[in-house]
Amino acid sequence: MSEQPDPELIFGLSPGEAIAALRLTLLAGLAVALPLISLACGSWEAGRARAELIAETRGTLEIFRANLVSEREKHEAVPFLLAQADEIATLLAHPTPGGIDHLNHRLAATAEAVHAAALYVVDAAGTTLAASNWSAGASFVGKNFSYRPYFQATLRGEVGRYFALGSSSHQPGYYIAYPVRPEGRSRGAYPVRPDERSLGAVVIKLGMERVEQSWTADSNRVIVTDADGVIIITNTPGWRYHSLKALEPADLERIAASQKFPEIRIEPLPVNDQPLDPVPAFDAGETIGIGDVENGARGARYVVVSSPVPGTDWSLSLLLDTRAIQSRAMAAAVIGGFGTVILILAGFLLLHRWMRSHERGADQRRARADLERRVAARTADLARANENLRVTQNELVQAAKLAALGQMSASVAHEINQPLAAIRAYADNAMVLLERGRVDTLRDNLAEITGLTRRLAAITQQLKGFARKAAGTLGPVNLAEAVDSALTLLGHRLRGEGVRVRLETPSAADGPPPLVIGEDVRLQQVLVNLFGNAVDAMKGRPERLLSITIAPTPGATLLTVRDTGPGIDAAALPRLFEAFFTTKGLGSGLGLGLSISAGIVHEFGGSLAAANHPEGGALFTLTLQPPTSTGPVEPSR
Ligand code: ADP
């Protein structure tokens, strides 16, 4: 046998094994794919969320930065314009109490109008000449600010800009200082030329509260750091005056010396500072830094978006809480995980179903093959049984004949005994007559004897004919003679049962006796059977009349047999011609008579029908073909 791949195998496995392997693969797939896909979905979504967050924040950062810049620029004009005023230069050169008082009022009115924390004029030594807060408890008037870097810048002829806490108020503020030129030289560009020695400076201090207040609503942390990385403006008060990274001792000393943050120790925030990636910002040529910082103490993580503030050495940063990113990443991981599980399960179910159907298909193929084998076996059995049945039937047909013969033998014996007894009587009598010489009477006796022996010969002749097997050829048979012979054979039984026989045959005047196609012995067998059944049916009935009619018609010759028995049961009628159907007790009937008779009549090209006569009793009608008919004449067995 060549190696044929078994169609029932799946990847070389039986369906059952394949399903087990599939389950294992599913589990392994889930174990490996689930965390991987969850992780991938999570980090993909985290990346997206971070990018979106940064994109959104850029706008916010832009607005906040514009706030800062405009706040500064708006106020820049105030000290600039005052520094140009000859009135102030004159007063610095020649201070008078009236002039100072007037200036104090003017500064106070201006500061209030522009929402400045303070507006003041210092002389060349850094001592305040006049101030907007001249009337307040913490008045700047008379205070010396020579140590302030913004003042030192004005000494160099430059514009001073500086963030610091107020030395007495400790209020944070942004200081802008413009140098004041000598009288008549007040107009010109900055820095001031060295020959135009500064008489002093006009300084404006801006409070940061307004800016900070505008940021408090923002959920992100907003910080502005100075050049040292110290947080100076923020919406998170706890973070103010902390540095983003730990400062060097030298830097700390320098900051302390400047009194920028008097009495405040600069501590680093508990965040890890990481270099920010520069990315293109909103304005061409500018970059913002983006990175992650971790608040070690609070475990919070931030994305930092950072931008320099134009006109200052500050940097504005938004720290974005990454919790939103994390929760989106988590959701994506969960969805990815679920998706994976659903996909794998769906795949598993499909494969499982396919394998199951494959398995069922295999089962069905096996069942079909099995069925075919069994059908073949049964067919062979049936063929054998049929053959047995045919043999048995043949034997039974013969047996039925013999049975009929047995039944008839008593009748026949009687039929023969009677003439024999008569012959003996005539013979005895003949001797006497001979002795007495009564020759005439003797002749009559002998003639009687001859007649009787002829009758005996006829009976034995019929018996011989009945007993022998069918001659086999069909031909014209005299129906009336066949009826006579049958009645003769049954004569004893008819008389024994007291059955009257009424025979109606066409008279000689009607033409030649009706001939039918058949075979005499078997025709007699049919008739003996029909008459015998009638006698059986009438047993014990008050009236016992057997009516037989022969009626030739143009197409066929009909023979009817009617009795005065109980008739045929309606239930029995359709089964009458079935082999072995009998209503007679065990041993009385074989149930073969009518079925064999019908078969014989069929071979003659005729038919046999059973019915009940409307006036009671059974009525059998035998239809036979006349010889003129050219119906098929088959040779019998
Ligand atoms: P058997 O005579 O051995 O029973 P038959 O084939 O000759 O077998 O008859 C079958 C059955 O038909 C009988 O058992 C009987 O019930 C019914 N039958 C036949 N002829 C008559 C009849 N003349 N009247 C009533 N029943 C009949």
Side-chain angles (χ1 to χ4, degrees), residues 389 392-411 466 470 482-483 486-487 489-504 518 521-550 558-604 606-624:
L389 191 64
T392 312
Q393 261 176 355
N394 285 344
E395 284 168 359
L396 275 172
V397 168
Q398 200 58 26
K401 249 198 253 180
L402 291 175
L405 209 58
Q407 266 189 358
M408 285 184 304
S409 58
S411 168
F466 189 80
V483 170
L487 286 174
L489 287 170
L490 284 175
H492 175 65
R493 273 191 73 201
L494 290 168
R495 281 190 299 277
E497 299 285 343
V499 172
R500 284 185 299 126
V501 176
R502 189 166 68 201
L503 180 61
E504 283 177 33
V521 176
R522 281 190 288 156
L523 183 57
Q524 275 176 44
Q525 190 181 339
V526 171
L527 295 175
V528 163
N529 199 274
L530 290 178
F531 301 161
N533 277 344
V535 173
D536 283 343
M538 291 186 291
K539 191 172 278 174
R541 303 285 291 183
E543 202 203 347
R544 296 177 292 281
L545 174 65
L546 175 62
S547 312
I548 302 158
T549 62
I550 295 173
L558 303 185
L559 177 132
T560 61
V561 181
R562 187 193 158 194
D563 60 45
T564 52
I568 304 157
D569 195 49
L573 206 52
R575 303 190 52 207
L576 226 51
F577 296 100
E578 280 177 20
F580 302 109
F581 174 80
T582 179
T583 58
K584 296 169 190 173
L586 203 67
S588 315
L590 280 174
L592 281 173
L594 284 180
S595 78
I596 289 170
S597 296
I600 290 170
V601 173
H602 186 73
E603 277 180 38
F604 293 170
S607 63
L608 180 59
N612 283 314
H613 194 276
E615 286 161 26
L619 175 68
F620 284 84
T621 305
L622 182 61
T623 307
L624 291 166

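Read the numbers this way: they start at 1 and go in the same order the structure lists the ligands and their atoms.
Between the Arg544 side chain and the Glu497 main chain, a donor and an acceptor come within less than 3.5 Å of each other.
Contact atoms of ligand 1 toward Leu576: 12 (O), 17 (C) (distance under 4.0 Å to a heavy atom of the residue). Close contacts between ligand 1 and Gly593 involve ligand atoms 5 (P), 6 (O), 7 (O), 8 (O) [criterion: under 4.0 Å to a heavy atom]. Heavy-atom proximity to Thr582, at under 4.0 Å, picks out these atoms of ligand 1: 1 (P), 4 (O), 14 (O). The contact set between ligand 1 and Asp563, taken as ligand atoms under 4.0 Å from a residue heavy atom, comprises 22 (C), 23 (N), 24 (N). Counting the atoms of ligand 1 from 1 in the order shown, those under 4.0 Å from a heavy atom of Phe581 are 10 (C), 11 (C). In summary, the atoms of ligand 1 found under 4.0 Å from a heavy atom of Ala618, numbered by their order in the structure, are 22 (C), 23 (N), 24 (N).
Distances from atom 27 (C) of ligand 1 to the heavy atoms of Ile596, Ile568, Leu530 show the closest one on Ile568. Counting only non-hydrogen atoms, the option in Gly565, Gly617, Gly567 that gets closest to atom 25 (C) of ligand 1 is Gly567.
Within the 4.5 Å cutoff, the side chain of Val601 has heavy atoms near those of the Val526 side chain. Using a 4.5 Å cut-off on side-chain heavy atoms (C-beta onward), Leu594 and Asn533 make contact. Side-chain contact between Leu527 and Leu622 is present, with at least one heavy-atom pair separated by less than 4.5 Å. By the 4.5 Å heavy-atom criterion applied to side chains, Glu615 and Arg562 are counted as neighbours. Using a 4.5 Å heavy-atom threshold, the side chains of Phe620 and Ile568 count as touching.
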Kindly determine whether Phe531 and Ile548 satisfy side-chain contact (heavy atoms from CB on, under 4.5 Å), including the steps that lead there. CA-CA 9 Å; Phe531 301 161; Ile548 302 158; 3.6 Å; yes
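To the nearest 0.5 angstrom, Leu530 atom CG is 11.0 Å from Gln525 atom CD.
Within the structure, the closest approach of Phe620 to ligand 1 falls below 4.0 Å when heavy atoms are considered. Not a single heavy atom of Gly532 sits closer than 4.0 Å to an atom of ligand 1.
We find that Arg493 and Asp536 are joined by a salt bridge, their nearest charged nitrogen and carboxylate oxygen being less than 4.0 Å apart.
Contacts between Asn529 and ligand 1 below 4.0 angstrom, taking non-hydrogen atoms only, involve the side chain exclusively.
Geometrically, ligand 1 and Leu594 share a nitrogen or oxygen pair separated by less than 3.5 Å. Looking at ligand 1, you won't find any N or O of Ser595 less than 3.5 Å from one of its N or O atoms.
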